[in-house]
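Notes follow once the structure below has been shown.
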Amino acid sequence: MKENKIYNCIELFAGSGGLGTGFLNAGFNIISANDIWEPAAKTYIANHPNVRYIVKDITDLTGNELLENTGYIKEDIDVIIGGPPCQGFSTLGKRFIDDPRNKLFREYVRIVDEISPSFFVMENVLGILSMEKGKVLENIIKAFNDIHYNVEYKILNAAEFGIPQQRERVIFIGTKTNKAILYPKETHTLNGAPNLEKALTLWEAISDLPKDSNLETIPYTSESKNNYQEAMRRNSIGITNHNTVFHNEKAKKMMKYIPVGKSVWDVQDKIPKELIPTSGYGNTYARLNPDEPGMTITRNFSCISSSRCIHPYANRGLTAREAARIQSYPDNYVFLGSKTDISIQIGNSVPPLLGEKIAYTIKEMLSN
């Protein structure tokens, strides 16, 4: 039956595979993936050995190269996914699509045009909507219209889709078909909306993980406490990437004074002056609230001077595995590279569970 058809996908700016993992979990066949960054490629390949991953600057990559030696042709590709970095977006000077500062976005459009799938999915940060007073958004939509794609965009908050993290991202979906563009429907609520489940909390995500570890792999020391933890543990024989974060003695002493959900700045009058940081913002040196969804996971999740990332009960920043759990990566997903490499991989990812929800919607549009 048509509903059981396997749909084919190519992933650009793949990183360590958050969005791609979601599409794989939804039953898509990823033909090939591309990124320029070797550490992320090693992680992706270790977890998805059957995907052909090309480590190469996308400016030197062609659509044909993404299909070489795969046994597939352009007409077999149903969707292209990926999130080109937005740092270079500009509307100044030259025409938007020709401006060298927009190089990575331009290359994404070029590959989509070369392969011409029925759909594309492009993820980006919320700020892209207001860049240069909305001109960047206008030019993004025009660039895809120029290659004959109808485009819509929507802000999705991961917490409203069963992910224990408040993470808002803009999801662009484009199609060459005449079908109405659909987005996944929220399954969870942050404000008590009826007929939806309450958003998952940080502690519901990580409470079964040991507070401290200095081993590469450790066994589970407790049973899973809810369906989310059970899903994250599936097919995993132990916990990796859970090495305890190191902090100096001054930082450890300071963290002892910070209550749940508060920052060092909220309790300055209760802390010895020599332990108070010399600078920071209201959300820095702040302890996470276990009873709320986590804050957006960034590449600095282990750094306590970053935005709200101190463990709810331990005096340290988050471990890579805790951050991965909050991002909805399963426990059997192993991250490779240096500590910094792994932090960037996890912080830059689309939560796989959000990717999966988007993928099912794309599949629905393809199969109807």
Side-chain angles (χ1 to χ4, degrees), residues 16-28 47-48 156-169 171 183-211 213 217-242 260-261 288-297 301 309 311-314 318-335 346-347 349-364:
S16 56
L19 187 56
T21 296
F23 270 73
L24 285 165
N25 290 345
F28 279 79
N47 292 280
H48 305 301
L156 302 185
N157 188 334
E160 295 177 324
F161 296 90
I163 296 128
Q165 176 190 186
Q166 292 218 50
R167 185 187 193 92
E168 290 186 313
R169 290 294 184 267
I171 305 297
Y183 280 85
K185 294 178 180 177
E186 293 85 352
T187 55
H188 292 68
T189 177
L190 288 159
N191 54 19
N195 305 318
L196 296 176
E197 295 183 49
K198 184 181 176 185
L200 285 167
T201 68
L202 177 86
W203 202 235
E204 287 175 312
I206 68 171
S207 63
D208 63 319
L209 296 174
K211 282 188 181 179
S213 166
T217 304
I218 58 174
Y220 294 104
T221 56
S222 67
E223 297 296 320
S224 57
K225 298 176 173 61
N226 53 54
N227 291 337
Y228 183 83
Q229 292 178 7
E230 188 174 334
M232 293 297 102
R233 289 179 176 218
R234 195 168 297 137
N235 301 321
S236 178
I237 58 174
I239 307 165
T240 60
N241 301 117
H242 190 52
V260 164
L288 286 155
N289 188 332
D291 300 322
E292 296 177 352
M295 304 299 286
T296 300
I297 292 293
F301 58 76
C309 59
H311 188 279
Y313 303 114
L318 296 172
T319 68
R321 180 52 55 194
E322 287 164 344
R325 273 280 188 96
I326 297 165
Q327 280 276 59
S328 76
Y329 272 105
D331 290 356
N332 65 356
Y333 209 95
V334 178
F335 295 90
I346 295 172
S349 288
V350 175
L353 185 54
L354 181 59
E356 184 177 339
K357 299 287 179 73
I358 295 167
Y360 275 118
T361 307
I362 298 295
K363 182 180 280 191
E364 181 182 347

When rounded to the nearest 0.5 angstrom, what is the spacing between [atom1] in [X] and [atom2] in [Y]?
X      : Y      : atom1 : atom2 : value
Leu288 : Ile326 : CG    : CD1   : 6.5 Å
Thr187 : Lys357 : OG1   : NZ    : 4.0 Å
Ile218 : Leu209 : CD1   : CG    : 7.5 Å
Asp331 : Thr240 : CG    : OG1   : 7.5 Å
Leu156 : Phe161 : CG    : CZ    : 4.5 Å
Tyr360 : Asn25  : OH    : CG    : 7.5 Å

Main chain of [Y], side chain of [X]: is a donor-acceptor contact present, judged purely on distance under 3.5 Å?
X      : Y      : value
Gln327 : Ser349 : yes
Glu186 : Glu160 : no
Gln165 : Ile297 : yes
Asn47  : Val334 : yes
Arg167 : Thr296 : no
Tyr329 : Ile346 : no
His188 : Gly162 : yes
Thr21  : Pro352 : no

Taking all non-hydrogen atoms of both residues into account, name the closest pair between [X] and [Y] and its distance.
X      : Y      : result
Ile239 : Pro210 : CD1-CD, 3.6 Å
Thr201 : Pro164 : O-CB, 3.6 Å
Ala158 : Pro351 : CB-CG, 4.3 Å
Phe28  : Ala359 : CE1-O, 3.3 Å
Leu202 : Pro312 : CD2-CG, 3.3 Å
Tyr333 : Gly17  : OH-CA, 3.8 Å

Validation row: Leu354, Ser328 side chains within 4.5 angstrom (heavy atoms):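 Counting from C-beta outward, Leu354 and Ser328 never come under 4.5 Å.
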
Check: Ser236/Tyr220 side-chain N/O donor and acceptor closer than 3.5 Å: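 There is such a pair (donor and acceptor under 3.5 Å, judged by atom type) between the side chains of Ser236 and Tyr220.
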
So which of Arg325, Lys225, Gln229 actually passes side-chain hydrogen bond (donor to acceptor under 3.5 Å, both in side chains) with Ser207?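 The side-chain hydrogen bond (donor to acceptor under 3.5 Å, both in side chains) with Ser207 is passed solely by Gln229 among Arg325, Lys225, Gln229.
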
Working for side chain to side chain contact (heavy atoms under 4.5 Å, CB included), residues Asn157 and Gln166: CA-CA 6 Å; Asn157 188 334; Gln166 292 218 50; 3.7 Å; yes

